[in-house]
Amino acid sequence: MLLVTGSAGHLGEALLRDARAKGLAARGLDQKASPYTDLTGDIVDPAVLERAFEGVTQVINTATLHKPHVVTHRRQAFVHTNIAGTLALLEKAAESGVNAFIHISTTSVFGRAMRPKAGDPAVWVTEALAPRHKNIYGVTKSAGEDLCQLMHEKTGLPVLVLRTSRFFPEIDDDGNRRGALPDPALKVLEFLHRRVAIEDIVTAAHQALGRAPEIGFDRYILSAPTPFEQGDAVRVATDLPALLQERAPALAQAFAENGWTLPKGLDRVYDSSKAQQALAWAPAFNAQSALDRYRETGDWRGPLALAVGKKPYHDRTFEDGPFPVEADPYSSVS
């Protein structure tokens, strides 16, 4: 039996849709009721966990407070869900003899380390990059990862951490990016350096479940394969249009044909090669396939992403953007 926490969210629902389609035994747990939530309750509540873990042999933990909640929720709420909740799940999993625990984390743990100074090359983001947290979300997700490592070392529980790049379908929270390109163009562009399809996260999670007992513990970045190489970092930051013409000419031509103006450069590139190699993970979605789907259907998303759809992070709407964004005191620092 597979337990999926955060079953009312984007990824939790995607995992459970996939499990049901394949006839796999899976249980969804969330504080919110949903068609994919079998049990409602707080992951910190021992009574809830007692029921949730009945017959469970594998766990995928997607339950979290996200970046969109940074302004609307108290910091203690992040500590409760992302740290205390993760610890409660890990302890119950170890007690129950679970054979694989997959913890869904985020590339946001790297924080300011992914922001190059003016004139510097784009940051090539691998698992070796040292985080520099910029908000409570990154701090608590990083702490959750460390708890995963600790519990593996103390109990032997096989735990793998998957740091996902962007996969949500909502419009960008950055008004400047929204104003620079149409949303489909932004999403295709992100697949070059900072986005992963939800379908590919699902396949990575299942690969991780199978590899966890052998590996024991490790952390992996999940992002779509990039056409760029680490040696391209300077040009990624300063000469993107010409570089894309060399590395992916069909994409460069498509941007031109659609009247989509490429930015001068990008600030980072996520490298998911470690996950691809260690987990035998073969992502099926990239910038070119997203563009092809957009041309064929008018939407860049794959079938599972379309089925899951868009989900509000809050019970109300906001005047500017999909959610309020925390003011960044370092935003003007070069």
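Only heavy atoms go into these numbers, but all of them, side chains included; no hydrogens, no water, no symmetry mates. Sequential numbering from 1 along the given sequence is applied to the chain's residues.
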Q) Between the side chains of Thr5 and Asn61, is a donor N or O closer than 3.5 angstrom to an acceptor N or O? A) yes
**Q.** Whether Ser96 side chain and Ala93 backbone form a donor-acceptor pair below 3.5 Å
**A.** no
Q.
Hydrogens and angles aside, do Thr37 and Lys32 bring a side-chain donor and acceptor to less than 3.5 Å of each other?
A. no
Q. So, the side chain of Thr203 versus the backbone of Asp200: is there a donor-acceptor pair under 3.5 Å, distance only?
A. yes
Q) Does a side-chain N-to-carboxylate-O contact under 4.0 Å join Glu127 and Arg163? A) no
Q) Are a donor atom and an acceptor atom from the side chains of Glu257 and Gln253 found within less than 3.5 Å of each other? A) yes
**Q.** Least distance between heavy atoms, Pro283 atom then Gln276 atom
**A.** CD-CG, 4.0 Å
Q) Just wondering, more than 12 heavy atoms not from Glu214 lying within 6.0 Å of its CD? A) no
Q.
Contact between Leu147 and Ile83 at the side-chain level, heavy atoms closer than 4.5 Å - yes or no?
A. yes
Q) Looking only at heavy atoms, which two atoms of Tyr36 and Leu16 are closest? And how far apart? A) O-CD1, 3.1 Å
Q: Using only heavy-atom distances, determine whether the side chains of His206 and Gln58 contain a donor-acceptor pair under 3.5 Å.
A: no
Q: Determine, step by step, whether Asp38 and Leu29 satisfy the side chain to side chain contact (heavy atoms under 4.5 Å, CB included) criterion, reporting the C-alpha distance in whole Å, the side-chain angles of both residues, the deciding distance to 0.1 Å, and the verdict.
A: CA-CA 6 Å; Asp38 302 293; Leu29 168 63; over 6 Å; no
Q: For Ser142 and Gly138, indicate whether the former's side chain and the latter's backbone hold a donor-acceptor pair under 3.5 Å.
A: no
(Q) Using a 6.0 Å distance limit plus a 45 degree cone around the ring axis, check whether Arg195 lies over the aromatic ring of Phe168. (A) yes
Q: Kindly say whether the aromatic ring centers of Tyr294 and Trp300 come within a distance under 6.0 Å.
A: no
(Q) Is it the case that over 12 heavy atoms from other parts of the model lie below 6.0 angstrom from the CZ atom of Arg295? (A) yes
(Q) Tell me whether Asp299 is salt-bridged to Lys187, with the criterion being a basic N under 4.0 Å from an acidic carboxylate O. (A) no
Q) If we only count heavy atoms from C-beta on, is the Leu189 to Phe255 side-chain gap below 4.5 Å? A) yes
Q. Would you say the side chain of Leu39 lies within less than 4.5 Å of the side chain of Val48, judging by non-hydrogen atoms?
A. yes
Q.
Please determine whether side chain to side chain contact (heavy atoms under 4.5 Å, CB included) holds for the pair Phe53 and Arg51, giving the CA-CA distance in whole Å, both sets of side-chain angles, and the decisive distance to 0.1 Å.
A. CA-CA 6 Å; Phe53 272 81; Arg51 294 173 58 199; over 6 Å; no
Q) Stepwise, does the side chain to side chain donor-acceptor pair (under 3.5 Å) test hold for Thr64 with Lys141? A) CA-CA 8 Å; Thr64 189; Lys141 292 301 289 185; 3.3 Å; yes
(Q) Once rounded to the nearest 0.5 Å, what's the spacing between atom CG of Asn82 and atom CD1 of Ile136? (A) 8.5 Å
Q: State plainly whether the residues Glu170 and Lys310 are in salt-bridge range, i.e. N to O under 4.0 Å.
A: no
Q | Enclosure of Lys264 NZ (heavy-atom neighbours >12, cutoff 6.0 Å) | A | no
Q) Can you find a pair of side-chain heavy atoms, one from Tyr270 and one from His193, that are under 4.5 Å apart? A) no
(Q) Salt bridge check, Arg235 against Glu246: does any charged N sit closer than 4.0 Å to a carboxylate O? (A) yes
Q: Report yes if the side chains of Ser7 and Glu13 come closer than 4.5 Å at any heavy-atom pair, otherwise no.
A: no
(Q) For a quick test of reading the model, state the closest non-hydrogen atom pair linking Arg211 to Ala278 and the distance between them. (A) NH1-O, 3.1 Å
Q. So which heavy atom on Leu291 is nearest to which on Leu251, and how close?
A. CD2-CD2, 3.8 Å
Q) For Asn286 and Ser289, does a side-chain donor sit closer than 3.5 Å to a side-chain acceptor? A) yes
Q | From Ser105 atom OG to Leu222 atom CG, the distance as rounded to the nearest 0.5 Å | A | 10.0 Å
Q. Is any side-chain heavy atom of Met151 less than 4.5 Å from a side-chain heavy atom of Phe101?
A. no
Q: For the residue pair Asp18 and Lys22, establish whether any side-chain heavy-atom pair is separated by less than 4.5 Å.
A: yes
Q. Do Gln31 side-chain atoms and Gly41 backbone N/O form a donor-acceptor pair below 3.5 Å?
A. no
**Q.** Closest heavy-atom pair and its distance - His152, Leu157
**A.** ND1-O, 2.9 Å
Q: With side chain to side chain contact (heavy atoms under 4.5 Å, CB included) as the test, would you mind laying out the steps for Phe217 and Val161 before giving the verdict?
A: CA-CA 8 Å; Phe217 174 82; Val161 173; 3.9 Å; yes
Q.
Does any part of the side chain of Glu229, heavy atoms only, come nearer than 4.5 Å to the side chain of Asp232, both counted from C-beta?
A. yes
Q. Which atom pair, heavy atoms only, marks the closest approach of Asp120 to Ala237?
A. O-CB, 3.7 Å
**Q.** Hphob cluster co-occupancy, Val159 + Ile104, side-chain heavy atoms under 4.5 angstrom
**A.** no
